[in-house]
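What follows is a set of notes on a single structure, which appears directly below.
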Amino acid sequence: MLLSLNNINKSFGAIKVLNNVNIISERKECIGIIGPNGAGKSTLFKVISGNLKQDTGDIFFNNTNITNFNTEKRARLGISQSFQKNSLFPEMTVKESLTLALTHKYNVSFNIFNSLVNNKNINTDAINIAKDIGLSDYLETKSDNLAYGLQRQLELGIAIACNPTLLLLDEPTAGMSPQETKEIIKLIKKLSINYSIIIVEHDMEVIYELAKRIYVLDRGSLIFEGDSKSVKNSELVQQKYLGI
Amino acid sequence: MRAVNYNPKLRLQLLLILLSISIIANIFGSYFTRFFIAEITILSIFAISLDFIASRGGMVSLGHAMFLGIGAYSTAILSINYGISPLSSTLSTFIIGVVIGLIIGYFIVFLDGIFFIMVTLALGEMFNAWVFTSDFLGGSDGISGIIRPDFSQIGIDMNNPLTFSFYVILWLLGIYFLLTKITDAPLGRNLDAIRQNSHRISAIGGYTKAYKAIAFSLSAGIASIAGSLYVQLNGFISPELTHWTVSGEGLIMIIVGGIGSISGAILGATVVHIIQHELSNIINWWMLVIGFGFIFIVLFMEDGLWGLLERIQKKLK
Amino acid sequence: MILIQFLNALQFSMTLFLLAVGLTIIFGLMKIVNLAHGSLYMVGAYIGLSIFNYTESFWLALIFAPILTALIGAFLYTLLFRHIQNADPMKQVLLTFGLIYIGLDSVRLLWGTMSHSISAPSILSNPVLLIDEPYPAYRLFVITIGLLVLFSLYFILEKTKIGAKVRASVDDPETAQLLQINTDKILFYTFALGCGLAGLAGITVAPILGVEPGMDMEVLVLTLIVVVVGGPGSLKGALIGSLLIGFVDSFGKVYIPQLAQIIIYAVMALTLLFKPDGLYKR
């Protein structure tokens with residue numbers, strides 16, 4: 001067991017956003033969390049990544065109780081995230097962004113004497129990651145000047161560059177064209193061979209395509225858990241999604 | 001805060017140009033020119049210290065004159081009251097600046113943008129107010145009788161402005177190489193990234209606050225060196241040196257030069273100081289010119305003179 | 001004795017309030033810290049000085065100096081601030097820093113570097129007796145002006161429609177947008193009003209402190225501290241911050257003169273350590 005969320009509760013004022021949520025993720029497993037808008041997906045995501053603290057409940061990662069760890073600490077343990085809204089370094093090129101993220105994989109971020117440009121391991125790694133995420137042709141392009149779809153790919157690239165065990169993906173296909181969506185699905189499928197992944201999405205097709213196990217969230221509570229087939233066949237889920 | 005393009009090549013070229021000009025001017029110049037060059041060099045060191053944290057970490061400090069003052073006053077006290085040699089005093093002020101910078105940095109690096117500016121401003125003013133009332137520091141009279149390093153044993157007379165200028169230029173070069181090294185190293189690149197998007201650095205496991213505190217304390221130490229050299233150049237210190245407008249003028253310099261390139265800060269310090277000095281000799285409304293010129297640059301030349309140079313460089317290719 | 005100190009502190013607080021309220025509204029509405037706010041205070045005092053010298057009437061100066069300062073504010077808004085609203089916050093701060101230079105030099109060129117004084121109108125120039133102690137009537141007048149402004153602002157903001165719009169724009173820009181409040185117009189008027197109040201502070205203080213170049217800097221730092229302590233963007237914060245800083249400073253100067261200069265900064269440092277968003281978080 002890699003990650004477990006036990007009885008997570010979260011309220012904003014009088015509104016209960018997460019109600020006794022339990023989630024378990026195994027190593028090298030790709031999990032999907034879906035639910036209609038306002039179901040609490042984003043809150044749940046933030047609770048896992050450490051951007052938001054739950055009111056009650058515990059989180060364990062790799063047998064460590066990370067309930068009170070902030071984002072930075074969780075990231076250092078191997079929980080990496082990509083954001084729904086691109087969170088890049090606008091003035092840095094693709095290569096610069098990736099080498100930068102790699103300083104955290106190699107634990108050299110405090111180094112003040114060796115030029116990053118001359119670090120062989122990091123530069124080779126950066127080029128390999130760029131290849132993996134399909135940005136080999138854009139190494140010297142500034143993030144700000146990339147097309148939106150490519151920026152989404154770089155968003156993923158930065159997340160994997162710091163060598164995570166668990167990847168948290170918040171709506172990785174948000175705002176993408178169907179063509180771009182296809183590309184990113186291909187990419188995530190490739191990544192799922194090596195990483196444990198949790199995807200939060202409201203596009204069901206994307207989740208069906210990628211996730212081995214799916215949690216369905218509705219108004220803060222988990223209402224269903226199963227593989228894509230059983231989710232597709234579940235009347236309850238169909239009702240929640242289509243019935244409104 | 002936007003910084004100029006990361007361009008180590010142009011950075012070095014610009015340094016070499018400025019360096020050759022200052023060496024030639026120093027050799028062939030008059031007594032006054034040499035003094036002026038030393039002054040500009042010291043201001044450049046101060047501007048670099050501001051440039052470093054503005055571009056690495058996105059911290060705009062309106063209180064850095066405090067560290068100028070810490071360097072100046074500790075040099076004065078160490079050499080007058082304790083008889084420590086001027087060179088050792090300068091080295092000690094660096095350490096004093098770094099330590100005080102680290103303590104202050106620890107408490108303020110979590111502040112964002114505007115709040116950081118206002119808090120540094122208030123801290124600087126607090127120091128300024130304290131200096132003015134402290135009898136130990138000479139109050140509003142300041143302290144005089146500070147001597148320059150003595151290298152007469154190896155046949156160098158530091159009271160000659162020619163040699164003293166070269167001396168401060170050496171300091172500038174040392175600091176330049178230290179900071180470019182850090183800028184290019186992982187820590188510097190992380191600090192650059194923090195300026196652009198600190199949120200993401202946290203998300204990939206960076207020690208955001210620690211990086212910023214290190215940068216701030218280093219910058220404080222460098223500003224202290226500038227203060228130390230400044231009192232050795234003039235032989236006295238006046239508390240006006242610690243007023244917040246001195247920090248403001250430093251910011252003007254780095255914006256005129258272009259933030260984030262280090263040599264741009266030197267260029268900015270040179271240009272602004274020459275304009276201030278020469279213009280005030282010719283016209284008595286030079287502050288209007290500075291004010292309007294500054295606003296023009298902030299509005300229309302985001303990369304300052306560095307941006308101009310980069311365009312020239314592209315055309316030459 | 002304590003009453004006199006109390007009144008002195010109150011007068012100082014009211015002057016700070018006139019300055020802080022403008023700065024904080026502008027910050028709340030535009031997220032801009034206007035470092036040139038002190039310059040407007042100085043310009044207000046100088047304009048008042050000229051009016052006073054030509055007409056020999058303090059009352060005309062009192063009325064027209066704030067109005068003219070507000071006009072300068074409106075001019076600055078249209079020419080500059082309006083265009084930098086969405087710019088990087090550092091850029092905004094630095095632009096206003098450039099304005100300080102322009103303000104200082106304009107004043108120097110137009111009025112010279114000497115310090116001037118304005119005498120309080122004869123009706124207010126004699127001290128009044130407060131429980132056997134003579135107290136300058138003019139200071140009471142300044143307190144009255146401050147309270148008048150305080151209450152009219154309160155009335156405008158709480159009881160009128162335009163006030164509600166301003167409050168919405170300051171406190172909750174998103175709702176303001178939803179309600180389709182024309183923010184540009186509101187910005188224009190509040191910016192001018194804020195500048196006008198700075199001018200009012202300048203002219204009312206002139207008979208007490210005189211008029212000289214450099215008066216802008218002293219007051220700017222104090223005003224910034226008030227705003228930071230009170231909580232930027234908060235009107236109640238501006239009042240509480242002004243009272244706190246005004247009283248701490250005035251009483252500090254009497255009881256612990258050695259530390260008086262430093263004590264207000266200490267207050268700010270403590271506030272920031274324990275309440276980083278200021279006393280009145282919006």
Side-chain angles (χ1 to χ4, degrees), chain B residues 1-3 54 58-60 62-63 104 107-108 110-119 121-135 195 243-245 247-249 251-252 254-256 259 276 280 283-299 302, chain C residues 27 31-33 35-36 39 79-80 83-84 87-110 113 213-214 217-218 220-225 227-229 232-233 257-269 271-273 276-278:
Chain B
M1 170 111 281
R2 183 169 140 184
M59 297 173 276
V60 175
L62 262 181
I104 293 177
F107 286 105
I108 64 171
F110 73 94
L111 294 163
D112 277 334
I114 294 291
F115 284 90
F116 189 88
I117 295 184
M118 291 208 268
V119 170
L121 170 66
L123 282 170
E125 281 303 278
M126 182 156 105
F127 183 77
N128 179 260
W130 177 64
V131 164
F132 261 100
T133 49
S134 163
D135 292 333
R195 174 180 54 78
H243 199 252
W244 72 275
T245 45
S247 316
E249 275 165 30
L251 287 178
I252 291 185
I254 65 173
I255 278 159
V256 168
I259 290 176
Q276 260 178 355
S280 60
I283 45 174
N284 68 349
W285 39 278
W286 59 276
M287 267 166 48
L288 272 184
V289 178
I290 299 250
F292 277 113
F294 179 65
I295 289 178
F296 177 84
I297 287 187
V298 175
L299 280 180
E302 249 186 312
Chain C
F27 180 84
K31 296 285 167 291
I32 291 179
V33 174
L35 291 182
S39 307
L79 202 72
L80 191 64
H83 306 287
I84 58 166
D88 179 276
M90 306 301 147
K91 198 167 153 176
Q92 297 164 339
V93 172
L94 293 166
L95 277 173
T96 63
F97 186 71
L99 287 179
I100 292 182
Y101 276 75
I102 296 173
L104 197 57
D105 222 17
S106 312
V107 163
R108 217 165 42 91
L109 292 171
L110 289 170
T113 50
M217 292 298 185
E218 274 169 53
L220 170 67
V221 176
L222 280 174
T223 311
L224 282 173
I225 291 175
V227 169
V228 169
V229 167
Q258 321 86 289
L259 293 177
Q261 290 284 340
I262 295 166
I263 197 161
I264 42 166
Y265 300 104
V267 169
M268 192 194 76
T271 316
L272 280 168
L273 273 181
D277 297 316

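In the text below, chain A, chain B and the rest are named by the order of the sequence lines, each starting its count at 1. Keep in mind it's a predicted model, so treat the numbers as computed, not measured.
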Can you name the closest pair of heavy atoms from [X] and [Y] and give their distance?
X       : Y       : answer
M118(B) : V33(C)  : CE-CG2, 4.1 Å
A129(B) : Y265(C) : CB-CE1, 4.2 Å
F97(C)  : T245(B) : CZ-O, 4.3 Å

Inter-residue atom distance [X].[atom1] - [Y].[atom2], 0.5 Å rounding:
X       : Y       : atom1 : atom2 : result
I295(B) : L80(C)  : CD1   : CG    : 6.0 Å
M268(C) : L121(B) : CE    : CG    : 8.0 Å
F294(B) : L99(C)  : CZ    : CG    : 10.0 Å

Side-chain heavy-atom pair L288(B), L109(C) within 4.5 angstrom cut-off: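 Yes, close enough: below the 4.5 Å cut-off.
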Close side-chain approach of L94(C) and I255(B), heavy atoms under 4.5 Å: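 Yes. Closest side-chain heavy atoms under 4.5 Å.
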Side chain from CB out, backbone as N, CA, C, O: work out which of these in [X] comes under 4.5 Å of a heavy atom of chain C, or both, or neither.
X       : value
F127(B) : neither
F115(B) : side chain
I290(B) : side chain
I297(B) : neither
F107(B) : side chain
I108(B) : neither

Leading residue by heavy atom contact count with chain B [cutoff under 4.5 Å; candidates I264(C), T96(C), L224(C)]: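 Maximum pair count with chain B is reached by L224(C).
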Residue among I117(B), L62(B), N128(B) with most heavy-atom pairs under 4.5 Å to chain C: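 Top option by heavy-atom pairs under 4.5 Å: I117(B).
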Structural part of L95(C) lying under 4.5 Å from a heavy atom of chain B: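 Both backbone and side chain.
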